[in-house]
Amino acid sequence: MMGKLFFIVLICFFSKEAFGQNPVQEDILFKDTVCNIAFDSLKHNFGKINPETQSRYLTKHFKYLGTEPLSIKRAWTGDPHYICDYPKEDLIPNKVYSFKVCFSHKGREGIMNKQMGFDLSDGNRVFMRFTGEYVKQ
């Protein structure tokens, strides 16, 4: 009997871990809020960037704080660095979302100072800044 009880408790624990809320989301610090959206940060400084080994992807997080229907209409930038994945559905209040920024570091030199962001369905625009300095190879 004790073995069966232990097995049931073990199954419940692993089911919660596999299908429950992502525990990492609770640890995200939202530092910047604009247009009723709290972001982990609207600025990201990579520091020294090695164009050959630096990751080409960065995942950022945000939470919608408003109550009115809102969606991201499009991501924008004028550069080969761009927001390559973001939520396309209507944003749900207090839900944590992520988006991915893709970078083209190979062959780059000097200072990186890039602006990109989102156009929102309510007509507002969110601006983000990504900076760093490429190390010479």
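Owing to the predicted nature of the structure, the values given are computational and were not obtained by experimental measurement.
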Give the table of side-chain donor-acceptor pairs shorter than 3.5 Å for residues 102-109, with sequence neighbours excluded, one pair per line with atom names and distance.
from, atom 1, to, atom 2, distance (Å)
His105, ND1, Tyr134, OH, 3.0
His105, NE2, Ser55, O, 3.4
Arg108, NE, Ser104, O, 3.0

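- Counting all heavy atoms, side chain and backbone alike, Met128 lies closest to Gly117 at CE-CA, 3.6 Å.
- Applying the salt bridge (Lys or Arg N to Asp or Glu O under 4.0 Å) rule to Arg129 yields no partners; only residues at least two apart in sequence or on another chain are considered.
- Here disulfide (SG to SG under 2.5 Å) pairs that include residues 107-137, with residues two or more places apart or in two chains, number zero.
- Residue pairs meeting the disulfide (SG to SG under 2.5 Å) criterion with at least one member in residues 105-137: none, sequence neighbours excluded.
- Using modelled atom types, no side-chain atom of Thr77 and backbone atom of Met116 make a donor-acceptor pair closer than 3.5 Å.
- Every pair passing salt bridge (charged side-chain N to carboxylate O under 4.0 Å, His left out) that includes a residue from residues 32-43 is listed here, sequence neighbours excluded: Asp40-Lys60.
- Once rounded to the nearest 0.5 Å, the distance linking CD1 of Ile72 with CZ of Phe62 reads 4.0 Å.
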Open item on the list: Could you walk me through whether Thr33 and Leu65 satisfy the side chain to side chain contact (heavy atoms under 4.5 Å, CB included) test, starting with their C-alpha distance in whole Å, then the side-chain angles of each, then the deciding distance to 0.1 Å, before giving a yes or no?
Closed with: CA-CA 9 Å; Thr33 302; Leu65 303 176; 3.9 Å; yes
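- Among pairs with a residue in residues 66-77, those fulfilling salt bridge (charged side-chain N to carboxylate O under 4.0 Å, His left out) read Arg74-Asp119, at least two apart in sequence or across chains.
- Every residue meeting the salt bridge (Lys or Arg N to Asp or Glu O under 4.0 Å) condition with Lys48, not counting sequence neighbours, appears here in chain and number order: Glu133.
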TODO: Check the pair Lys63, Phe30 against side chain to side chain contact (heavy atoms under 4.5 Å, CB included), reporting the backbone distance first and the verdict last.
DONE: CA-CA 8 Å; Lys63 183 187 329 185; Phe30 294 101; 3.7 Å; yes
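- Taking OG from Ser98 and CG from Leu58, the interatomic distance works out to 11.0 Å, rounded to the nearest 0.5 Å.
- Distance check, rounded to the nearest 0.5 Å: NE2 of His61 to CG of Asp27 gives 11.0 Å.
- Clustering of Ile, Leu, Val, Met, Phe, Trp and Tyr by side-chain heavy atoms under 4.5 Å joins Phe127 with Trp76.
- By the salt bridge (Lys or Arg N to Asp or Glu O under 4.0 Å) test, Asp79 is found to be paired with Lys114, residues two or more places apart in sequence or in another chain being considered.
- Closest approach of Ala75 to Ile83, counting heavy atoms only: CB-CB, 3.7 Å.
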Side chains of residues 86-95: which donor-acceptor pairs under 3.5 Å do they make with residues two or more places apart or in other chains?
from, atom 1, to, atom 2, distance (Å)
Lys88, NZ, Tyr86, O, 3.0

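- Counting side-chain heavy-atom gaps under 4.5 Å among Ile, Leu, Val, Met, Phe, Trp and Tyr, Tyr82 is found in no cluster with other residues.
- Using the six-membered ring where Trp is involved, Phe118 and Phe99 have ring planes that are perpendicular, over 60° apart on the 30 and 60° scheme.
- Summarising the geometry, atom CE belonging to Met112 is positioned 5.0 Å from atom CZ belonging to Phe46; distances are rounded to the nearest 0.5 Å.
- Scanning for side chain to side chain donor-acceptor pair (under 3.5 Å) contacts around Asn124 gives Asp122, with sequence neighbours left out.
- Between Ile37 atom CD1 and Tyr97 atom OH the span is 10.0 Å, to the nearest 0.5 Å.
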